[in-house]
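Accompanying notes for the structure given below.
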Amino acid sequence: MTQNWGMTIPFFDRSLAESKELIAELPGLGYTDVWSAEVNGADAFVPLAMAAEWAQGVRLGTAIVPVFTRGPGLLAMSAATLADLAPGRFVLGIGSSSPAIVQRWNAAEFGRPYARTRDTLRFLRKALAGEKVSEQYETFGVKGFKLERAPKVAPKIVLAALRPRMLHLAASEADGAITNWLSPEDVRQVRAEVGPSTELIARIFVCVSEDSDRAREMGRWMLASYLTVPAYAAFHDWLGRAEVLRPMHEAWAAGDRQAALKAIPDEVVDALIVHGDAATCRARVQEYVDNGLDTPILAPVPADLPVPEGRPRPGSLTRAARGRRSRGGPRTWACSHGPDRGFQASDPEGVWREIT
């Protein structure tokens with residue numbers, strides 16, 4: 001399996017419109033991939049459409065597009081358009097997402113996530129191959145859909161997968177699995193479920209900061225907001241963290257957010273968020289690869305303390321550029337906790353930093 005190096009776009013403290021120059025530099029810094037997300041910021045497709053032009057040659061992936069928030073036909077059309085823009089370079093990542101995103105924010109029904117993901121995958125295989133699809137799937141029906149212009153090269157499709165059943169589906173019917181919020185050691189457990197030949201992709205949150213207290217406090221806000229989502233709670237139960245995370249879950253369920261944050265041990269934060277100086281972060285990312293991760297997708301985050309609502313304040317990210325790559329990996333963006341400087345050509349000392 002080819003070793004890939006991914007970056008999440010758009011960047012945390014920049015809009016897509018302000019990211020052109022930075023995205024264009026990624027191939028020269030050693031990145032092979034850019035991956036988008038779709039929560040409540042940019043959509044998943046437009047950033048990749050722009051990156052197809054700004055950073056020609058990189059692989060483009062969605063991580064992920066919810067299967068509930070677009071109809072099957074519209075999802076196929078969006079994927080076909082991007083596959084046409086970047087033949088052979090686009091990877092469609094789909095997944096069930098969460099009840100909050102699907103129901104509360106998009107007014108769609110969230111039910112039977114495994115079956116809906118499976119059915120969507122099977123529909124997309126046919127539709128993106130240019131077939132006319134008339135089929136009653138278990139969770140939806142399609143009658144007479146055919147893309148007006150099917151892509152010359154159908155995109156690979158990968159699935160968001162956190163536990164064995166979905167991981168097995170990703171290995172047997174899709175082209176790879178995308179996971180999230182795991183430690184380097186956890187990669188081995190996930191890899192065992194998908195086998196050696198399935199591409200394994202994971203977003204890794206990275207904060208280059210030697211202020212470990214500040215990085216951990218920011219990390220606790222992130223972890224509490226994610227690991228209390230039922231799918232992630234079940235994922236970490238499966239990974240063996242049920243007991244260590246039980247106090248957090250109990251406090252969160254009782255409505256005591258501060259107690260929930262305090263209940264997350266340092267060792268959990270350190271396991272799931274990469275932080276430290278540049279050399280420490282570089283080595284930690286490499287551990288993911290050494291344990292079986294094919295495509296790390298780095299997501300730089302600021303080390304600023306969180307605001308009361310539970311979201312980190314916009315921080316500043318420092319651009320990594322010069323110096324040797326470590327073991328063939330790319331240079332990446334490093335985060336700083338300076339006062340809203342935005343992306344800089346160098347840090348205050350003029351030392352250009354890299355972490356992978």
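All residue numbers refer to positions in the sequence shown, counting from 1. Atom set for the values below is all heavy atoms of this structure, side chains included, hydrogens, waters and symmetry mates excluded.
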Could you report the tightest heavy-atom contact between G95 and A160, atom names first, then the distance? CA-CB, 3.9 Å
dist S209:OG -> R216:CZ (nearest 0.5 Å) comes out at 11.0 Å
In Å and rounded to the nearest 0.5 Å, what is the CZ to CG distance from R220 to L261? 8.0 Å
How would you list all residue pairs meeting side chain to side chain donor-acceptor pair (under 3.5 Å) that involve residues 69-82, not counting sequence neighbours? E38-R70
Are any non-hydrogen side-chain atoms of W181 and L162 less than 4.5 angstrom apart? no
Hey, are the side chains of L60 and F45 touching, using non-hydrogen atoms and a 4.5 Å cut-off? no
Look only at the side chain of N106 and the backbone of I101, and say whether a donor-acceptor pair between them is shorter than 3.5 Å. yes
If you look at every heavy atom in A55 and A24, which pair is closest and at what distance? CB-CA, 4.5 Å
Ring-plane angle category for F123 and F140, please: parallel below 30°, perpendicular beyond 60°, tilted otherwise. perpendicular
Y288 side chain near P184 side chain, heavy-atom distance below 4.5 Å: yes
Following the transitive rule for hydrophobic clusters with a side-chain heavy-atom cut-off under 4.5 Å over Ile, Leu, Val, Met, Phe, Trp and Tyr, establish whether V102 and M166 coincide in one cluster. yes
Heavy-atom pair of closest approach, residues T62 and S36: CA-OG, 3.7 Å
May I ask you to decide if L169's main-chain N or O and R118's side chain share a donor-acceptor pair within less than 3.5 Å? no
Do V208 and T280 have side-chain heavy atoms sitting under 4.5 Å apart? no
Are V285 and F11 linked, directly or through intermediate hydrophobic residues, by side-chain heavy-atom contacts shorter than 4.5 Å (ILVMFWY only)? yes
Quick check: do I178 and W35 have side-chain heavy atoms less than 4.5 Å from each other? yes
Rounded to the nearest 0.5 Å, how far apart are CG of L200 and CG of L293? 5.5 Å
Going only through I, L, V, M, F, W and Y residues with side-chain contacts under 4.5 Å, is there a path from V274 to V190? yes
Minimum heavy-atom separation for F205 and M222, please, with both atom names. CD2-CE, 3.6 Å
Answer yes if the side chains of E287 and N291 hold a donor-acceptor pair under 3.5 Å, and no otherwise. no
Separation between OG of S98 and CH2 of W105, rounded to the nearest 0.5 Å: 7.0 Å
Are K152 and D84 close enough for a salt bridge, meaning some N to O gap below 4.0 Å? no
Which pairs count as side chain to side chain donor-acceptor pair (under 3.5 Å) when at least one residue sits in residues 190-204, sequence neighbours excluded? N4-E199, T8-R203, R59-E199, H168-E193, R191-D294, E199-T295
Can you confirm whether L227 sits close enough to M248 that some side-chain heavy atom of one is under 4.5 Å from a side-chain heavy atom of the other? yes
Would L245 and L223 count as a side chain to side chain contact (heavy atoms under 4.5 Å, CB included) here? Give the steps. CA-CA 11 Å; L245 291 175; L223 291 172; over 6 Å; no
Is the NZ or CZ atom of R165 positioned over Y114's six-membered ring, under 6.0 angstrom from the centre and within 45° of the axis? yes
May I have the step-by-step check of salt bridge (charged side-chain N to carboxylate O under 4.0 Å, His left out) for D237 and R246, ending in yes or no? CA-CA 10 Å; D237 286 354; R246 186 181 304 280; over 6 Å; no
CZ/R163 to CZ/F235 distance, rounded to the nearest 0.5 angstrom? 10.0 Å
In this structure, would V301 and I9 fall into the same cluster of hydrophobic residues linked by side-chain contacts under 4.5 Å? yes
May I ask you to decide whether E217 forms a salt bridge with R214, counting only side-chain N to carboxylate O separations under 4.0 Å? no
Any donor and acceptor pair, going by atom type alone, linking the side chain of E250 with main-chain N or O of P247 inside 3.5 Å? no
Could you walk me through whether V34 and L26 satisfy the side chain to side chain contact (heavy atoms under 4.5 Å, CB included) test, starting with their C-alpha distance in whole Å, then the side-chain angles of each, then the deciding distance to 0.1 Å, before giving a yes or no? CA-CA 9 Å; V34 294; L26 290 174; 3.5 Å; yes
Would you call the rings of F68 and F110 parallel, tilted or perpendicular, taking 30° and 60° as the class edges? tilted
Do E173 and R125 meet the salt-bridge criterion of a basic N to acidic O distance under 4.0 Å? no
Which heavy atom in L182 sits nearest to a heavy atom in A202, and how many Å separate them? CD2-CB, 3.9 Å
Do L22 and V46 share a hydrophobic cluster, counting only Ile, Leu, Val, Met, Phe, Trp and Tyr and linking them when any side-chain heavy atoms are less than 4.5 Å apart? yes
Intermediate values then yes/no, side chain to side chain donor-acceptor pair (under 3.5 Å), H275 and D270: CA-CA 7 Å; H275 67 92; D270 295 346; 2.8 Å; yes
Compute the centroid of each ring, for Y31 and then for W5, and state whether the two points are separated by less than 6.0 Å. no
Please evaluate residues I201 and I297 with respect to the criterion side chain to side chain contact (heavy atoms under 4.5 Å, CB included), reporting the C-alpha separation (whole Å), side-chain torsions for both, the decisive distance (0.1 Å), and the verdict. CA-CA 7 Å; I201 305 158; I297 307 171; 3.4 Å; yes
Could you tell me which residues satisfy side chain to side chain contact (heavy atoms under 4.5 Å, CB included) with A259, sequence neighbours excluded, listed by chain and number? A251, D256
Could you check whether any side-chain heavy atom of L124 comes within less than 4.5 Å of a side-chain heavy atom of I94, counting everything from C-beta outward? yes
Non-hydrogen atoms of A79 and L128 that approach each other most closely: CB-CD2, 4.1 Å
So, Y232 and N180: side-chain donor and acceptor under 3.5 Å apart, yes or no? yes
Quick one: are M7 and D33 in side-chain contact, heavy atoms under 4.5 Å? no
Value for CZ (R241) from NE2 (H236), rounded to nearest 0.5 Å, stands at 5.5 Å
